[in-house]
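Notes follow once the structure below has been shown.
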Amino acid sequence: MIDIKLIREQREYVKKEMEKLFVSVPIDEIFELDESKRKLLYDSECLRNTRKTLSKEIASEKDAEIISAKKEEVKKTNEIIKIQEEELNAIEERLNSLMLNVPNLPGPDVPVGKDETGNTAVSYFNEKKKFDFEPKTHYEIGEKRDLIDFERGVKISGTRFYILKKGLAKLQRSLINFMLDIHTNFHDYEEIYPPFMVNEGCLVGTGQLPKFSDNLYKDLESGMWFVPTAEVPVTNMYRDEVFAIDRLPVKHAAYTACFRKERLSAGKDTKGIKRGHQFDKVELVKITTPETAKEELSSLIADAQDILNRLDIPHRLVRICTGDLSFTASEKFDIEVFAPGINEWLEVSSCSNFGSFQARRANIKFKRDKNSKAEFVSTLNGSGLALPRVMISIIENYQTEDGYIKIPDALKPYFATEEFI
RNA sequence: GGAGAGAUGGCCGAGCGGUUUAAGGCGGCGGUCUUGAAAACCGUUGAUGCUUAAAACAUCCGGGGGUUCGAAUCCCUCUCUCUCCGCCA
C-alpha cells in the first residue's frame with residue numbers, strides 16, 4: 001500500500017507516476033473518499049465528546065428529572081452517531097479496498113516503458129557453451145532417459161504436473177541444498193523453514209491479495225492458502241512487529257515448494273518443466289531500513305548470481321521498466337539463464353525492492369532508537385533461485401551428445417562418485 | 001474430536017458497570033548522590049487518527065456484534081493460547 005498522505009498532498013505527482021506504469025488508478029476517487037472520511041471522522045469525534053461529557057454529568061447528578069432529560073439527549077446524539085458511523089464505515093471500506101488495489105510507485109531510476117520490450121539487458125555473465133552437435137531440449141533428454149515422466153504426472157495430478165526421477169530428482173535435491181548452503185555459509189543469510197500454507201492476512205500483507213487470487217490455491221474448508229512463494233510466509237513472520245534498528249538488516253533464505261494456478265498463462269509454456277503448478281524455490285528475503293534498501297538490493301542480486309557463477313551457467317541481468325514492474329515492486333531486476341536446447345532466456349530470479357509497500361500492509365516497523373517513532377521498514381526479496389529453470393539450464397548446458405548430463409563441479413560434493421546423470 | 005481455563009500498554013499484572021484521564025511492579029529514559037559504577041531516591045515513559053508542529057480532541061484492554069445514559073468490566077459470536085482426555089507421522 002502506498003502512503004495515503006501522498007495522494008492527499010501530492011495528488012498530481014502520484015497520478016503522473018501511475019501513468020508511467022500504464023495502469024489506470026482511481027486517484028481522484030481515493031482523494032475524495034479520504035476527504036469525506038476525515039470530515040465525518042471529525043464530526044463523529046465531536047459527537048462522541050458530547051456523549052462522554054453528558055454521561056459523566058449523569059453519574060454525578062442527583063436530580064432525577066435532569067438525569068432523564070440528559071439521558072434523552074444522549075440517546076438523540078447516539079442516533080446521529082450511528083448514522084454517521086454507518087456512512088463512515090461504508091466510505092472506509094470502499095477507500096480501503098481501492099487502496100489495496102493501488103500498485104507501488106516506481107523508483108526514481110526505473111526506466112519508463114510500456115511493457116517487457118522496454119526492459120534493458122544490463123549485462124551478460126559467463127560464456128555461452130559451444131556445442132559440436134545440435135543441443136537437445138531438456139524434455140527430450142528427460143523423456144528419452146526416463147528422468148522426467150510427464151504422462152504419469154498428468155495422470156496422478158493433471159496438466160502442468162510432472163514427475164522427476166532418479167538422477168534428476170537427486171539433482172534438484174542437491175541444488176536446493178547447494179543454494180541454501182551457499183547463502184547461509186557465504187552470504188550470511190539465516191535459514192528458515194516456513195509453513196507452506198498460510199492464513200489470508202499473509203497474502204494481503206505481501207500484496208498477492210486481493211488482486212491476484214486467481215493465481216492462488218486455497219483450501220475452502222480451513223480458509224488456508226498454499227504459498228505461491230516463500231516470500232509470503234517469511235516476510236509475514238514479522239507482521240505487526242517493531243524492530244530495534246540494530247537487528248536490521250534481517251536476511252533470510254528459505255526453501256519451499258510454490259503453488260500457482262497459472263490461469264493467466266493458460267496455453268503458454270506448456271512444454272517441459274518451465275512452468276508448472278508446483279515448483280521448488282529457494283527464496284532470499286531482506287528487511288532493511290529505507291536508506292540501505294538500494295545497496296541491499298544490489299547485494300541480493302549478487303548473492304543470487306553467485307549461485308549461477310559457481311555452476312558456470314550463462315546468464316544475464318535485466319532491468320525491468322515501469323510498465324513491466326510487478327504490482328508490489330518499486331524496482332526490479334530479473335536474472336535470466338540461457339537454455340541452448342529450447343534456445344530461450346529463462347527467468348530464474350526476480351529481485352525486487354518493495355520499499356515500504358509491503359511493510360505498510362503487513363505493519364512491519366523499526367525504531368531508530370528507543371525513544372523515536374516507529375517507521376516502516378523496507379522489504380526486499382529475490383529468488384535464489386527457482387529450481388525448474390536452473391534444472392533446465394543445467395540439463396541443456398551440461399548435456400553430452402549421447403544424452404547424458406554432466407554433473408557441475410560445484411555439485412559434486414552432493415553426489416557419490418558419479419560424473420554424469 | 002471431547003472437557004475446562006484464559007487473552008489488559010515493551011514485559012508481568014490489578015481491575016468484574018460511572019474519580020480508569022488503565023493501579024502497581026519490572027524494563028527503558030532523564031536526574032540527584034558518587035572519583036566512576038552499583039544501590040537508593042525523584043521524575044518520566046504505549047499505539048493510531050486529526051494537526052506544519054505542539055496542544056486539544058477522539059479511538060484502542062484478542063477480532064466482530066449487542067445491552068446501557070455510560071462497557072476493559074454484562075451478553076452473543078469468531079480467532080488464538082494453555083491444561084486434561086482421545087487420535088496420529
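In the text below, chain A, chain B and the rest are named by the order of the sequence lines, each starting its count at 1.
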Nucleotide nearest [X] (side chain, heavy atoms from C-beta), chosen from [options]:
| X | options | answer |
| --- | --- | --- |
| A:N49 | B:G70, B:G18, B:A58 | B:A58 |
| A:K71 | B:C50, B:C69, B:A47 | B:C69 |
| A:R8 | B:U48, B:C50, B:G70 | B:C50 |
| A:V74 | B:U51, B:U59, B:C69 | B:C69 |
| A:E45 | B:G70, B:C57, B:C50 | B:C57 |

Rounded to whole angstrom, note down the [atom1] distance from [N] over to [M].
| N | M | atom1 | result |
| --- | --- | --- | --- |
| B:A40 | B:C26 | P | 9 Å |
| B:U44 | B:A55 | P | 16 Å |
| B:C61 | B:A7 | P | 14 Å |
| B:G15 | B:G24 | P | 15 Å |
| B:U73 | B:G64 | P | 13 Å |
| B:G2 | B:C11 | C1' | 35 Å |
| B:U48 | B:G43 | C1' | 27 Å |
| B:U45 | B:G63 | P | 25 Å |

Does the side chain of [X] get closer than 4.0 angstrom to OP1 or OP2 of [N] through an N or O atom?
| X | N | result |
| --- | --- | --- |
| A:K52 | B:U59 | yes |
| A:K82 | B:G66 | no |
| A:N78 | B:G70 | yes |
| A:R38 | B:G49 | no |

Watson-Crick/G-U partner (both atom distances under 3.5 Å) of [N]:
| N | value |
| --- | --- |
| B:C88 | none |
| B:U73 | none |
| B:U79 | B:A7 |
| B:G30 | B:C42 |

(request) Decide if the gap between the ring center of A:F226 and the ring center of A:F259 is smaller than 6.0 angstrom. (result)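 Yes, the ring of A:F226 comes within the 6.0 Å limit of the ring of A:F259, centre to centre.
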(request) Take the protein atom NZ of A:K76 and the nucleotide atom P of B:U68, then report the distance between them rounded to whole Å. (result)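 Distance, rounded to whole Å: 18 Å.
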(message) What is the separation between atom NZ on A:K5 and atom P on B:G49, rounded to the nearest whole Å?
(response)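 Rounding to the nearest Å, NZ of A:K5 and P of B:G49 are 6 Å apart.
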Sidechain N-carboxylate O distance under 4.0 Å for [X], [Y]:
| X | Y | value |
| --- | --- | --- |
| A:K412 | A:E419 | yes |
| A:E344 | A:K274 | yes |
| A:D109 | A:K294 | yes |

When all nucleic acid strands are considered with a 4.0 Å heavy-atom cut-off, which category describes [X]: base, sugar-phosphate, or nothing?
| X | result |
| --- | --- |
| A:K75 | sugar-phosphate |
| A:L54 | nothing |
| A:I67 | nothing |

(message) Looking at every non-hydrogen atom in both residues, tell me the closest pair between A:G153 and A:I163 and how far apart they are.
(response) N-CD1, 3.6 Å
(request) Mark yes when over 12 heavy atoms from residues, nucleotides or ligands other than A:K367 sit less than 6.0 Å from its NZ; otherwise mark no. (result)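 Yes, the 6.0 Å shell around NZ holds more than 12 heavy atoms from other groups.
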